[in-house]
Protein chains: 4
Amino acid sequence: MSQINVGVIGLGRIGRVHLENLVYRMPQVKVMAASDIDTASHSFAKNLNIPNIYHDHEAILDDPAIQAVVICSPTSTHLKYCKAAAEKGKHIFCEKPLEITIEKIREIRDFVHGCNVKLQVGFNRRFDKNFAKVHAMVAAGEIGQPHILKITSRDPGPPPLEYLKGSGGKFMDMTIHDFDMSRFIVGAEVEEIYARGENRVDPQIGVIGDIDTSIILLKFSDGTLGTIDNSRKAVYGYDQRLEIFGSKGMTKINNVLEDDLEHFGEIGGRKPKLLHFFMERYTDSYFNELNAFIRAILTNKPVPVDAHDALMATAIALGAKLSMRENRPVRLDEIL
Amino acid sequence: MSQINVGVIGLGRIGRVHLENLVYRMPQVKVMAASDIDTASHSFAKNLNIPNIYHDHEAILDDPAIQAVVICSPTSTHLKYCKAAAEKGKHIFCEKPLEITIEKIREIRDFVHGCNVKLQVGFNRRFDKNFAKVHAMVAAGEIGQPHILKITSRDPGPPPLEYLKGSGGKFMDMTIHDFDMSRFIVGAEVEEIYARGENRVDPQIGVIGDIDTSIILLKFSDGTLGTIDNSRKAVYGYDQRLEIFGSKGMTKINNVLEDDLEHFGEIGGRKPKLLHFFMERYTDSYFNELNAFIRAILTNKPVPVDAHDALMATAIALGAKLSMRENRPVRLDEIL
Amino acid sequence: MSQINVGVIGLGRIGRVHLENLVYRMPQVKVMAASDIDTASHSFAKNLNIPNIYHDHEAILDDPAIQAVVICSPTSTHLKYCKAAAEKGKHIFCEKPLEITIEKIREIRDFVHGCNVKLQVGFNRRFDKNFAKVHAMVAAGEIGQPHILKITSRDPGPPPLEYLKGSGGKFMDMTIHDFDMSRFIVGAEVEEIYARGENRVDPQIGVIGDIDTSIILLKFSDGTLGTIDNSRKAVYGYDQRLEIFGSKGMTKINNVLEDDLEHFGEIGGRKPKLLHFFMERYTDSYFNELNAFIRAILTNKPVPVDAHDALMATAIALGAKLSMRENRPVRLDEIL
Amino acid sequence: MSQINVGVIGLGRIGRVHLENLVYRMPQVKVMAASDIDTASHSFAKNLNIPNIYHDHEAILDDPAIQAVVICSPTSTHLKYCKAAAEKGKHIFCEKPLEITIEKIREIRDFVHGCNVKLQVGFNRRFDKNFAKVHAMVAAGEIGQPHILKITSRDPGPPPLEYLKGSGGKFMDMTIHDFDMSRFIVGAEVEEIYARGENRVDPQIGVIGDIDTSIILLKFSDGTLGTIDNSRKAVYGYDQRLEIFGSKGMTKINNVLEDDLEHFGEIGGRKPKLLHFFMERYTDSYFNELNAFIRAILTNKPVPVDAHDALMATAIALGAKLSMRENRPVRLDEIL
């Protein structure tokens, strides 16, 4: 196979990012159709000359010419859409979170597996050049045996309270990326989690029962220790760093800055600002992940992030929630 | 006007860059045709689904539906093609150097002006985000009155000797970008030039009468002093830096690095590599300059880099050549 | 008072550092005497022209002309020497750890207090210019309300096994500095500790029942969360960093490097090495702490680090030990 | 010889720095005497317990117990004092500039040489750890054959006009350090100089016939090209950088900063300030140069910076002056 026909389900913010990447930057793809139940979003697809634009996803799944779908609809639809797509024999790229319970993720995983189609999950950060490089360095033994992992992940500001109410909590909504990254970088499974959360940014977030500041301590199966610190609000911007320390050295990912300038004036030296948020910081990763998905189909190789990865990250998030609630370390085998 | 039909003349390395940018990233453009006398390069355009692909540029110029041309053919064709395109009423984006003599640049400038079409010259570095920001900072008075400008511009390796023989010499071929950048950043004209050149990298370059290492001292009309240092070979990569110092402070452009990692191992700390060469370092600038050209046409505004800019950069290069030959400072009014 | 007579007890490595600082850099001090039970070390004091050099500390304590003593003898002597010195009315600077049990520290604290002399404890890192500046920034509200504290503290290599056997364990021997730093920077007390330790560096360290790699999670009384990561062996050198994140921003202390050079060669960019170990990294802090002690005496002001600080750091270390042993978060009031 | 008796002539700012270094940090030295015609400065030496404090330098030179003198009196006294000291068989450390004419430097050089005593000149920057390291790297071939040298040297603010009137002009007063550094780093002699100077900082400096901003282009005997840029006023502090580029790579000396902090707040990232001026930036170099002088005497080795070095730096400064006046490149053999 050298070309592939794709349909995109859901034309919200992230769906549009994927659609543009598919249309503009992937010559081996032809986008045959797009759908969204909000017809106001159809004009976006129309401007990109997508041949078929539907209200419902079924029309896409019914089109036998389409070989793969990119699912960007709300999380609550993932179970249904993934199963329907798999049933029709279509390969699936599904946005994160795949689902928010262990049971439903297992259901998707097993069903899709039975249909013999590929399913990739949208943990896009793995495809950022910096994280990908460090993963490769660790895998190649360049830092030796890993001893300590440190992830800093802080947002420039919290989402609206309405969003937070339905988000499943900070660990499931925000830290899930860091949980996935932990496994990806260390190359071992998390065995035990201890999580502390606080409400420091906005009292309203506490009122709805969520936290906005946390530190999580991870123990991996190979003896590596890890720590993740999160905040919903860093006034200086989207703070995304990682450090892995091992027997042969240490590698850090620093923040990506807006430019390469240094300025010194009467009041001192100035550094460039951080890139604003994930759409700016991880732009290329969205293209890269989809490209990897398409390549996996065209070459019939395994996808790089699958339902098992979604399952593990979700289990760690659930473990963190339990740990925080009971203020005790939780073993992952209590969850799985 | 909200859309524009464009033809591309010349499908060499840089022509292909422009063609891809026009096709993939500029929805307001329709590429109607491309031409190259080397038919081997036609397949590139074919793969991008360009409707008409010609051997000769005339077919493009004869097409009344085409409103603008992008000229990427060899320098020796620029005078002829620019005049022919202007005569047909087409706006022109022409790669640098526009021409290599003062007389011919004036001829193009005057002819094009008489035809009432726009002509933009491809000094792409002005459109790199870093250089553009510093230009804006200086223009906004953020560094005060400029006092000292410093440009470092070193290539990772020299081009083939065959290329160098026809290049017009290092000042015309390589430093011309730095001469244009000098005027762009300082915002004043160069009045006097003193240039020293040496043959340090490869004796063969000396044999053909060229230099590979140089420092140029510039005196600007507002009293600012500037220096440019060049080398044809920096073993560590494409070294592109600039510093502007003034009464209110100093701003530096540092090199753009491959990633945002820091590594510390047994033998010490490691910094990321520099981006390899101009195609990697200035990727976005090629898109930005063409986008600015199209926008200038659509909004009927002046183009940001015109024949006068080409004239001035060329005059400085000729002044530098004369200065080096006679080992004395040369006033620009000796040239112009 | 404008000058002060001092005696130094113990002429090991750190005793010599203090002696040189007193002699060469503190004109307001006259070192009247030094003592060490190892007579081989006496020549060091002799070369500095110290008038009286004794085998036993009693001779120093008996000298009525001496107003202050600097105790650098082994930890096991601290209780006895501090009490004896206080009884004789001498102000005391005592190296860390003051003692390793809560009871003995309380005994020293109360006894010394009863004698109405000053007692300063040698937590020298507080007097490093970087840590002192960040402390001042936090105290001045420049980072707003603290939310997250992160300390990285890794040694270039483990001490000899023989030393480790009598060290009281990694938390008491090494992390104690970080526990003190936590309180110093955040400006609130630690309420709860969760500690994980591993044996990753050298199996022999595990054999003697100690750990060499750890992460500790701290919960402060004001809601701030903190994390400390330690290793006994960083192949790239003595890694000493700190980060404090709050409602108004974030401040980091980076490692202090050997020089201010950047080198780029054929194999890439190189960063300067880290300073080797604490004697190089914290050189000035040893002078600064002693200077602060002398100033406190001369101006009759409180010392900047006292027995209470020793007590709290020790309690946190004991809490960390208990937490690791029982794998559960431990509240500091279980210890105190 | 294992100890040496020294006298210090001149107790102004730099004389005091040397005196403190000799007294506090150099156990192999005994300062026997100090002199200054300004008796107000005698108390400084008294506080350091210098045995003999004189009004006139003769008393120092007449003391047969003194083996070496450190001359920190005004430049106009250097010829007379150096000759008198040499006549008495005393080794000489003399502050820069040794003298400001070629003839007088030669006179000193030849006279001192005839007396068979050592004479070191105070080009202290060679003894800064960064510059010394780069010198060693170049000498060891680590950057290959040098191609380009770049020095930036900018003061935080101009000295008083009264001082400037007697300073000999910017090249002689300020750039002389950079001229010496050029020879020191490149390891070859300057052959030709082209200098441009401007009056940009303060019109009053122009009124007295001096410049405050300049760029100098140097051609070395081995074909290396160099550039030095100076300003009398950098609002952000004392800007001292150097870069050497060669066939094997490039090494840069960055500015030395006040601390190792990074701060990110709502308005962006902040870098530490530069060290204020030469007393802060080059503190250690003053000790190191004197220590090297003393070591040269004790081991009977040549001093590291001698009258020839003073001669060459002065000649380059005179060449730069002539070049600026006549606006033409000047060969050094026109001066020497």
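Proteins get letters first, then strands, A, B, ... in listed order; numbering begins at 1 in each.
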Heavy-atom distances under 4.5 Å only: say whether A:Lys248 touches chain C with side chain, backbone, both or neither.
backbone
Is A:Ile215 close to chain C through its backbone or its side chain, or both, or neither, when contacts mean heavy atoms under 4.5 Å?
both
Any idea how A:Phe171 and A:Phe179 line up, ring-wise: parallel (<30°), tilted (30 to 60°), or perpendicular (>60°)?
tilted
Under the side chain to side chain donor-acceptor pair (under 3.5 Å) criterion, do A:Ser167 and A:Asp173 qualify, and how do the steps go?
CA-CA 6 Å; A:Ser167 72; A:Asp173 179 58; 4.6 Å; no
With chain C as the partner, which of A:Glu243, A:Arg200, A:Met250 has the greatest number of non-hydrogen pairs under 4.5 Å?
A:Arg200
Side-chain donor-acceptor pair under 3.5 Å between A:Gln240 and A:Tyr282, yes or no?
yes
Residue selection (most heavy-atom pairs with chain A, distance under 4.5 Å) from C:Arg154, C:Lys150, C:Lys219
C:Arg154
Distance-only donor-acceptor check, side chains A:Tyr194 and C:Arg328, under 3.5 Å
no
Ranked by heavy-atom pairs below 4.5 Å to chain A, first place among C:Val201, C:Asp229, C:Ile216 goes to C:Asp229
Note: C:Ala195 and C:Ser323 closest approach over all heavy atoms is N-OG, 2.9 Å
Examine whether an atom of A:Ser247 lies under 4.5 Å from a heavy atom of chain C, and if so say whether it belongs to the side chain, the backbone or both; otherwise answer neither.
backbone
Atom group of A:Asn199 that falls short of 4.5 Å from chain C, counting heavy atoms
neither
Taking A:Glu192 first and then A:Arg331, would you say they form a salt bridge - that is, a charged N and a carboxylate O separated by under 4.0 Å?
yes
Report the option among C:Ala234, C:Gly223, C:Gly249, C:Ser214 that has the most heavy-atom pairs separated by less than 4.5 Å from atoms of chain A.
C:Gly223
Heaviest contributor of heavy-atom pairs below 4.5 Å to chain C, chosen from A:Asp239, A:Thr224, A:Thr152, is A:Thr224
Examine whether an atom of C:Lys233 lies under 4.5 Å from a heavy atom of chain A, and if so say whether it belongs to the side chain, the backbone or both; otherwise answer neither.
backbone
As a quick check of understanding, evaluate side chain to side chain contact (heavy atoms under 4.5 Å, CB included) for C:Ser231 and C:Asp155, giving each step before the final call.
CA-CA 6 Å; C:Ser231 171; C:Asp155 287 353; over 6 Å; no
Contacting region of C:Leu225 [heavy-atom separation from chain A under 4.5 Å]
both
Is there a donor in the side chain of A:Gln145 and an acceptor in the side chain of A:Asp222, or the other way round, less than 3.5 Å apart?
no
